[in-house]
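All heavy atoms count here, side chains included; hydrogens, waters and symmetry mates do not. Order of appearance sets the numbers: ligands from 1, and atoms from 1 within every ligand.
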Amino acid sequence: MHNQYIFTAEVPSNIALIKYWGKRDLALQWPENDSLSMTLDSARTQTSAQIAASGPDMIRRADSQGVVTAYTSGSDKAVRHLAFLRRELGFSAALEITTHNTFPTGCGIASSASGLGALTLAAIAAWTGSASLTELETADFPRERLAYLARMGSGSAGRSLFGGYVTWHAGSSPSAQRIEPLAVDWPLTDIIVLVSRQEKAVGSSAGHLSVRSSPLFLPRLAGLPARMRLVEAALAAHDLPALGNAIEAEALEMHAVMLSSEPRLDYLQPRTSEVLAWLRQQREEHGLAAYFTIDAGPNVHIICAPHTAPEVVRRLNAAFPDLALITDRTGQGPLLYRRPTH
Ligand code: PMV
């Protein structure tokens with residue numbers, strides 16, 4: 001047993017540039033389409049795992065105010081994922097888990113991606129006694145396998161197990177799925193405009209199941225391969241206007257599908273639209289090279305080059321003094337380490 005150590009995983013969030021929205025198979029987590037994301041850097045979940053003296057599994061989650069809630073019941077997504085990992089991998093030891101995010105949860109910053117990713121890494125590290133990602137690989141857990149296991153907890157979590165830009169290929173069958181990093185080295189900044197910190201009323205799990213009720217979904221699917229090629233070419237060429245135009249069209253299209261689904265999913269708020277109109281005006285009148293994307297929430301991610309970011313922040317603060325900003329950038333992916341319990 002490895003109970004003299006605490007194993008800690010830090011897994012970043014990611015922002016999808018081509019969105020995963022819709023599942024072909026719920027049980028196998030098979031997406032309707034390929035997606036592509038940028039791994040973030042400072043928006044992370046830090047999760048520690050330790051072998052417990054006796055069961056059941058216990059997850060203690062601290063919120064941004066430091067208030068800790070303990071979970072042992074199967075209704076919690078993380079507890080269910082732990083049970084899945086145990087079934088799939090055959091480990092029996094109960095775990096004590098503590099976890100917190102470095103950003104507010106449930107507001108359109110993908111806490112499920114970083115959260116389920118960090119839980120996967122920390123739990124398997126504790127079960128196998130692995131002190132690093134290299135040791136996990138030696139213990140028969142290479143990165144692709146970890147990404148598969150994380151993806152089973154939350155689809156987008158699989159993409160958070162690599163750094164830089166990451167593609168999740170849907171493949172022609174559930175077992176043909178692949179998650180892999182792109183050979184692109186292009187640091188970009190993501191300025192997250194917090195239009196709202198409220199928990200969203202409808203989580204992504206329900207939304208993934210209603211996509212086909214939208215008359216816009218099949219035309220979207222038909223057009224996505226061409227958009228994917230555009231985004232990949234723009235990333236390879238470091239062509240920000242080409243990337244920006246493609247990701248803005250992509251985000252608006254996903255929200256058009258959401259808004260035309262049954263039941264309707266309306267994540268956007270009046271201030272979301274204000275920020276989008278403002279950004280367009282800044283580009284047209286001041287040549288500000290910055291572009292938006294939006295996830296399943298009202299907050300706006302503004303993507304720009306690192307040297308443009310201070311100017312974008314200055315102008316945002318002047319135009320929207322009441323809105324908080326989180327500035328993040330392209331990150332290198334997860335970390336794993338261990339320390340003695342005493
Ligand atoms: O991983 P899930 O089930 O929370 O779905 C994520 C969906 C989006 O964030 C809206 C898009 C994406 O690809 O991350």
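The neighbour count for Arg264 CZ, taken as heavy atoms of other residues, nucleotides or ligands under 6.0 Å away, does not exceed 12. Within 6.0 Å of CD on Gln332 lie no more than 12 heavy atoms contributed by other residues, nucleotides or ligands.
At least one donor-acceptor pair closer than 3.5 Å links the side chain of Ser214 to the backbone N or O of Leu216. Using a distance-only test at 3.5 Å, with no hydrogens or angles considered, no donor-acceptor pair links the side chain of Asp25 to the main chain of Gln29. Under the 3.5 Å distance criterion, the side-chain polar atoms of Ser13 are left unmatched by any main-chain donor or acceptor of Ala43.
Looking at ligand 1, you'll find an N or O of Arg159 within less than 3.5 Å of one of its N or O atoms. Residue contacts with ligand 1: Lys77 is placed with no nitrogen or oxygen under 3.5 Å of a nitrogen or oxygen of the ligand (distance criterion only). Of the N or O atoms in Tyr20, one or more lie within a sub-3.5 Å distance of an N or O in ligand 1.
Listed by atom number, the atoms of ligand 1 under 4.0 Å from Ala16 heavy atoms are 12 (C), 13 (O), 14 (O). Against a heavy-atom cut-off of under 4.0 Å, Ser204 is close to the following atoms of ligand 1: 2 (P), 3 (O), 4 (O), 5 (O). Proximity to Ala296 (heavy-atom distance under 4.0 Å) selects the following atoms of ligand 1: 10 (C).
Proximity of Ser112 to ligand 1 is established by a heavy-atom distance of less than 4.0 Å. Under a 4.0 angstrom heavy-atom cut-off, Ser154 registers as being in contact with ligand 1.
Salt bridge Glu250/Arg220: present, at least one basic N to carboxylate O contact under 4.0 Å.
Counting heavy atoms under 4.0 Å from ligand 1, residue Ser156 touches it through both backbone and side chain.
For the pair Arg339 and Tyr5, the NZ or CZ position fails the cation-pi test of under 6.0 Å to the six-membered ring centre and within 45 degrees of the ring normal.
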